[in-house]
Amino acid sequence: MERILKAARESGSLNLSNRSLSEVPGEVYNNLETGSLDDKWWEGVDLQKLILAHNNLEVLREDLRNLSSLVVLNISHNQLSSVPAAIGDLPLLKSLDVSFNQIKLIPEEVGLATALVKVDFSNNCLTELPASLGRCMNLSELKASNNNISRLPDELSGCCKLNKFDLEGNKLVLLQENMFTSWTLLIELNAAKNQLTTIPASIGALSKLVRMDLHQNKITSIPSSIKGCSSLAEFYMGNNILSTIPDDIGMLSKLGTLDLHSNQLKEYPVGACKLKLSFLDLSNNALSGLPAELGTMTTLRKLLLSGNPMRALRSSLVSGPTSTLMKYLRSRLSSEEEASGSRTTPTKDDQISAARRLSVSSKELNLSGLGVPNVPPAAWETSDVVKLDLSKNLIEDLPNELSLCSSLQALILSNNKIKKWPGMVSSLPSLTSLKLDNNPLAEISSTDLESLSKLEVLDLSGNASSLSEPAVVSSLPRLQELYLRRMKLQEFPIGLVQLKHLRILNLSQNNLSTIPEGIKDFTALIELDLSDNNITRLPAELTFIFFWIFMSRVCLSLAYKCLNLMEIPSGA
């Protein structure tokens with residue numbers, strides 16, 4: 001403990017989480033001053049960050065006021081029943097986390113900590129929030145989910161910089177009108193699992209709202225002012241008692257996810273067919289049919305309809321693929337509607353916008369099949385994407401801006417016009433999967449690959465001139481899957497044996513005639529595809545591989561379709 005406290009005196013940060021503490025060490029309340037003559041007090045810094053999470057603390061003393069330089073305080077996951085009034089004596093405190101305790105009341109003094117930016121009161125026993133929080137003008141994130149709060153103090157409208165508000169799992173019966181007229185910077189609103197019966201008309205003031213979750217309440221209607229939420233991308237209203245949806249909802253041009261399951265809807269309005277949704281859940285309602293205009297929503301990827309008394313649609317359409325149902329609905333549109341141009345083909349911009357909306361929750365951005373010659377800016381403007389699919393386009397090179405995708409793990413560039421190795425991929429720190437199959441790639445050198453040390457999956461299939469020497473791939477030490485189909489290979493690339501982690505190797509549709517004896521050295525291999533080659537004989541060493549398969553009970557796929565095997569060694 002002394003070593004940890006000494007390090008904290010030097011850094012100003014102390015982490016005592018997960019130490020089964022029943023009380024806070026006295027040195028902490030004294031700002032880490034021990035009184036020892038050996039301490040070089042002049043070299044120490046005041047405590048600025050204190051983490052006491054996941055302990056057995058029951059009390060936090062009023063001596064907390066001694067930590068006047070504290071910026072971050074995390075005392076979550078303890079057994080506290082109260083918060084000391086001294087919390088208001090921390091003028092620099094920006095982040096306060098007291099979640100997962102047994103706190104029944106937050107003292108009004110908390111409002112004196114006016115520097116607060118993030119507060120988390122979740123998973124306690126609160127019946128109200130302190131009205132004094134309204135003084136915290138810089139508060140941007142307030143969480144108080146899973147408590148017993150039935151009403152919000154009017155003073156909270158003073159938190160005009162709030163952008164995230166989470167009150168899920170409480171007993172709220174009302175959201176005051178004045179709240180939303182003040183919270184114009186709100187981006188995320190979660191009031192799910194409460195007892196709300198209405199949505200305030202002032203909801204339309206939230207023009208920056210991106211995500212709203214009000215599922216599992218008792219809400220009977222959606223106000224027409226919802227059209228003012230022009231940035232809304234995700235709207236969750238499942239498990240309420242809605243009987244209608246306003247046509248004005250069709251004006252939400254950025255809405256990609258709409259969840260209306262388990263309500264009392266009898267129809268889906270034609271006006272809402274203007275939306276460019278990716279996901280629509282209408283399951284467990286009272287729908288007997290759908291408007292044909294819904295078929296024009298060409299961005300829709302998933303439509304859920306189960307649990308409705310559908311009489312106008314065959315059950316096979318209701319339970320079948322969304323694409324089949326959409327095609328059927330389009331066929332019901334009259335020829336007059338088609339001639340008048342009411343059916344419009346979505347532009348590339350529409351398709352890209354729809355893909356971006358879908359990526360908000362999936363973290364996967366699918367821009368395949370657009371026929372674009374350049375990578376759309378959406379590829380690097382969409383945050384936290386882990387998978388980017390740019391296949392089936394006309395792309396010839398990758399822009400440097402793509403290096404902004406620091407979270408990107410999988411990049412699919414199949415079926416494009418890329419001639420030169422895209423060197424910028426080396427600037428993607430998280431990349432583990434790269435697919436470049438079916439491009440007119442020129443020769444790849446070992447220096448092109450050596451910067452991709454984290455790569456686990458590589459597909460170069462159909463690039464016959466890109467690998468004059470397949471062994472250059474051995475510079476990828478973590479490679480687990482390698483696909484070299486249709487590469488016009490004449491010899492088995494035995495140099496790949498250096499890839500100690502290689503599990504899948506696909507060499508199908510080449511011109512191989514023999515399998516070398518060194519095949520036994522691929523000890524990690526579980527799948528080897530040599531189909532559609534000119535192999536006439538299997539080496540005896542494969543007997544060892546088969547034995548290893550049976551002993552380890554690993555499923556090895558050796559596809560020898562059209563191999564024209566003439567001779568198989570005994571024992572194999």
Side-chain angles (χ1 to χ4, degrees), residues 366-375 379 387-398 402 408-426 428 431-452 455-476 479-496 499 502-515 522 525 527-535 557-564:
N366 188 343
L367 300 176
S368 67
L370 297 177
V372 293
N374 300 303
V375 178
K387 181 180 179 181
L388 175 60
D389 189 346
L390 292 167
S391 62
K392 300 178 183 177
N393 282 292
L394 304 172
I395 298 169
E396 294 186 4
D397 53 35
L398 303 183
L402 205 58
L408 193 62
Q409 299 173 15
L411 178 58
I412 304 175
L413 297 166
S414 313
N415 295 282
N416 274 284
K417 304 294 183 181
I418 300 173
K419 299 178 181 179
K420 184 180 179 181
W421 176 259
M424 63 74 50
V425 297
S426 62
L428 299 173
L431 193 66
T432 58
S433 177
L434 177 61
K435 296 189 177 183
L436 274 162
D437 53 298
N438 298 300
N439 278 280
L441 269 178
E443 186 170 349
I444 301 172
S445 67
S446 58
T447 54
D448 290 329
L449 298 175
E450 59 189 16
S451 59
L452 300 174
L455 209 62
E456 297 176 0
V457 178
L458 177 62
D459 191 344
L460 295 173
S461 301
N463 292 292
S465 59
S466 64
L467 282 182
S468 58
E469 179 46 66
V472 300
V473 179
S474 61
S475 61
L476 302 172
L479 201 64
Q480 297 182 23
E481 300 181 23
L482 178 59
Y483 301 87
L484 298 175
R485 304 182 302 273
R486 302 185 307 282
M487 298 288 286
K488 299 183 180 180
L489 297 178
Q490 303 292 326
E491 297 181 355
F492 191 99
I494 196 62
L496 298 179
L499 298 173
L502 194 63
R503 301 170 65 248
I504 297 176
L505 178 59
N506 191 323
L507 298 173
S508 63
Q509 302 176 56
N510 280 288
N511 299 320
L512 305 178
S513 58
T514 60
I515 302 177
F522 287 81
L525 210 60
E527 182 176 322
L528 174 62
D529 191 341
L530 297 173
S531 61
D532 294 295
N533 276 281
N534 300 318
I535 299 171
S557 171
L558 272 170
Y560 289 106
K561 176 184 175 185
C562 302
L563 288 184
N564 300 319

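All values below come from the heavy atoms of this structure, side chains included, with hydrogens, waters and symmetry mates left out.
- Between the side chain of D529 and the backbone N or O of S531, at least one donor-acceptor pair lies under 3.5 Å.
- Inter-residue side-chain proximity for L434 and L428 is flagged as unmet; no heavy-atom pair is nearer than 4.5 Å.
- For the pair N438 (side chain) and G462 (backbone), a donor-acceptor distance under 3.5 Å is absent.
- Between K387 and I412, the closest side-chain pair of non-hydrogen atoms falls below 4.5 Å.
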Would you sort out whether L388 and L402 count as a side chain to side chain contact (heavy atoms under 4.5 Å, CB included), showing the intermediate values?
-> CA-CA 10 Å; L388 175 60; L402 205 58; 3.9 Å; yes

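- Applying the side-chain hydrogen bond (donor to acceptor under 3.5 Å, both in side chains) test to pairs two or more places apart or on separate chains, those with a residue in residues 409-423 are S414-D437.
- N393 and L370 make their closest contact through OD1-N, 3.1 Å (heavy atoms, listed as atom of the first residue, atom of the second, distance).
- Contact check for L411 versus L398: side-chain heavy atoms found under the 4.5 Å cut-off.
- For the pair S461/N506, no side-chain contact is recorded, criterion being any heavy-atom separation below 4.5 Å from C-beta on.
- For the pair T432/V457, no side-chain contact is recorded, criterion being any heavy-atom separation below 4.5 Å from C-beta on.
- With contacts defined as side-chain heavy-atom distances shorter than 4.5 Å, the pair L505/F492 qualifies.
- Within the model, atoms CG of L436 and OG of S391 stand 11.5 Å from one another, a figure rounded to the nearest 0.5 Å.
- L413 contributes atom CG, which lies 11.5 Å from atom NZ of K435 (distance to the nearest 0.5 angstrom).
- Applying the side chain to side chain contact (heavy atoms under 4.5 Å, CB included) rule to N366 yields the partners S368, D389; only residues at least two apart in sequence or on another chain are considered.
- For the residue pair Q509 and N533, the shortest heavy atom distance occurs at N-ND2, 3.9 Å.
- Atoms CG and OH, from L460 and Y483 in turn, are 12.5 Å apart once rounded to the nearest 0.5 Å.
- Interatomic distance, L502 CG to L496 CG, rounded to the nearest 0.5 Å: 7.0 Å.
- Proximity of L499 to F522: side-chain heavy atoms (C-beta onward) are nowhere separated by under 4.5 Å.
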